[in-house]
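Note sheet for the following structure.
Please read these numbers as outputs of a predicted model, since none were measured by experiment. Here is the naming used below: chain letters follow the sequence lines, and residue numbers restart at 1 for every chain.
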Amino acid sequence: MIRLRLLPLLGLCAMLGSPANGEPEYQFHQYINSKTPTSYCGLYCALAAAHCLGLSPPFEPMIDEQFLTGQYGSSNLDLIRLLGSIDLEGTFRSDLTLDDLRSLSTPVILHVRPPSAVAYSHWLMFSGFDSTGQVMAYDPPDGTGLLSPAELLAVWDGAGVIVTRRNGGNRPLVWPVSFTSLVAVIVTGVLVWALGTKARGVSLILAVSTLSSAFVHLSPTGFVRNVDSVNTVRAPYFRTPLREISSAALRSKVATDDVVLVDARSSEAFKSYHLPNAINIGIACGVVSLSKRIDMLREKSLNKTVVVYCRGPKCEWADRVASLIALRTGRQPLVYRDGVLGWAEHMKGD
Amino acid sequence: MNRWLPPLGAYTLAAVLIQSSLIHLQNPYAYLSSIYAYSLGPSWLGVCVAIFFPGLQLTLGLVLLFERRDWKSAFFVSGVLMLLYSLAQVAALVRGLNISCGCFGNSEGNPINWLTVARTTLLALIAFVGFWFSKPPGDARSDGPLMSTLF
């Protein structure tokens, strides 16, 4: 069941041209065109938060240099200023946890990284948990979608801006830490003691540490049950050695429909031109749509070769996206090093 | 003076260890990401560290707070841990990596610099001083070999 406060957000997504069901499409609202930088994600999140809280401020005034002073777009201070300008209040916290999100009943703009990237350069808006415990998120420009808590943790650095109405009541109460893990250690310690072991000193410390670590990582958000999320963290740091494919070989595979092409560029670049029947899993692909696009890739690529390309030989995005695909699907994609530029040259040569 | 050093060291270390560990336990994926940023080993080693170290830190913190009899061991392990963290930070600085310390979360406002190295080294020093001045467990010879006082 969708919580009531998500309904205004769905209306916003319809207005923005992103379908509410989260499936990627390349229809763009008037605010989003081929020249719009992805650095507007903070602005979109602020607008979405305003809609969730019952306000409908105009978007154009938000596109202002004073709200885009950060390295990648809006800094947390920019967002607080922006929210203040539309009669809302933003409270920045750098140590938020999942338990904090569960205790809040207000939108939170979370600081995340695109799954293929190392830098935390993106904002998405958290709008609650659904009845199955999945995270409901608005990830501009892809739209709304659901994430598992582990998927969110894999890309979130714990920072976020809590959005409330100005003078709208009590400040949000946020516990500084969760005591779940503390309880885990105490319980484990008591257990070890009760079993009558003679462990003391380093033996006791190691035994309690090991048992409590196992307790944490066998939980629903632990590493053991979320290998995909662990791989999402690994992907930008550990590149899988990749084989390449030439223009001629690729053209032959395209002619026999023996290949699924993946475009690693931004969605704006993909919209303006892409290789035949390619799908877009861009370097800045949002976390909300990544899982859906990987699932789509898995369906389309049964018994076919997956080839990832980018703009040209000097672009490393194809390698990063290919590594992510390799980790998430267990299959080894090829890289078309010459990219869009090489393909255009090759086709011109005919 | 010597009487006060172990409790002072214990509570200082406990506060740092518990705060750091709870942040990492709440988001082990961000902790894993900060470990990988150091580029110090293969991916499986990072996963092992991310799984084990936060629990170890929390256990050490609680032992230092509540279990006086095991202070000597807790100081020793804490000292080794802090020394490892210092060495990792020095390695990152020497290689010119502009990364977050990862000590209290993965926020970009916490980059590695010589100040963070000094802080971690100071904590290692506190741990080893606490180890030196704390009493061994009652059933161990105070002048016995190291292992008999730790285990």
**Request:** Would you mind telling me which of B/Ser21, B/Ala37, B/Gly46 has the largest number of heavy-atom pairs within less than 4.5 Å of chain A?
**Result:**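 Among B/Ser21, B/Ala37, B/Gly46, the one with the most close pairs to chain A is B/Ala37.
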
Is there a side-chain contact between [X] and [Y], using heavy atoms and a 4.5 Å cut-off?
X        : Y       : result
A/Thr97  : B/Asn27 : no
A/Leu206 : B/Phe52 : yes
A/Phe238 : B/Tyr36 : yes

Taking all non-hydrogen atoms of both residues into account, name the closest pair between [X] and [Y] and its distance.
X        : Y        : result
A/His217 : B/Ile51  : NE2-CA, 3.5 Å
A/Ser213 : B/Gly55  : OG-CA, 3.9 Å
B/Thr59  : A/Ser209 : OG1-OG, 3.4 Å

**Item:** A/Thr232/B/Tyr29 under side-chain hydrogen bond (donor to acceptor under 3.5 Å, both in side chains): CA gap, chis, key distance, verdict
**Value:** CA-CA 9 Å; A/Thr232 299; B/Tyr29 301 91; over 6 Å; no

Roughly how far apart are [X] [atom1] and [Y] [atom2], rounded to 0.5 Å?
X        : Y       : atom1 : atom2 : result
A/Leu153 : B/Gln26 : CG    : CD    : 8.5 Å
A/Tyr237 : B/Ser43 : OH    : OG    : 13.0 Å
A/Ser203 : B/Asp70 : OG    : CG    : 9.5 Å
B/Leu22  : A/Asp95 : CG    : CG    : 11.5 Å

**Request:** Against chain B, label A/Val118 side chain, backbone, both or neither, depending on which of its atoms sit under 4.5 Å from a heavy atom there.
**Result:**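 Interface part for A/Val118: neither.
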
**Prompt:** With a 4.5 angstrom heavy-atom cut-off, which part of A/Ala150 approaches chain B: side chain, backbone, both or neither?
**Reply:**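 Both backbone and side chain.
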
**Message:** Please determine whether the number of non-hydrogen atoms from other residues, nucleotides or ligands lying under 6.0 Å from atom CG of B/Asn98 exceeds 12.
**Reply:**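 Count not over threshold, so no.
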
**Request:** Go through the atoms of B/Gln57 and report whether side chain, backbone, both or neither lie under 4.5 Å from a heavy atom of chain A.
**Result:**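 Interface part for B/Gln57: neither.
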
**Prompt:** What part of B/Pro42 lies closer than 4.5 angstrom to a heavy atom of chain A: side chain, backbone, both or neither?
**Reply:**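 Backbone only.
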
**Message:** Assess the residue pair A/Ser212 and B/Leu58 against the criterion (side chain to side chain contact (heavy atoms under 4.5 Å, CB included)); give the C-alpha distance rounded to whole Å, side-chain angles, the decisive distance to 0.1 Å, and a yes or no.
**Reply:** CA-CA 9 Å; A/Ser212 62; B/Leu58 184 58; over 6 Å; no

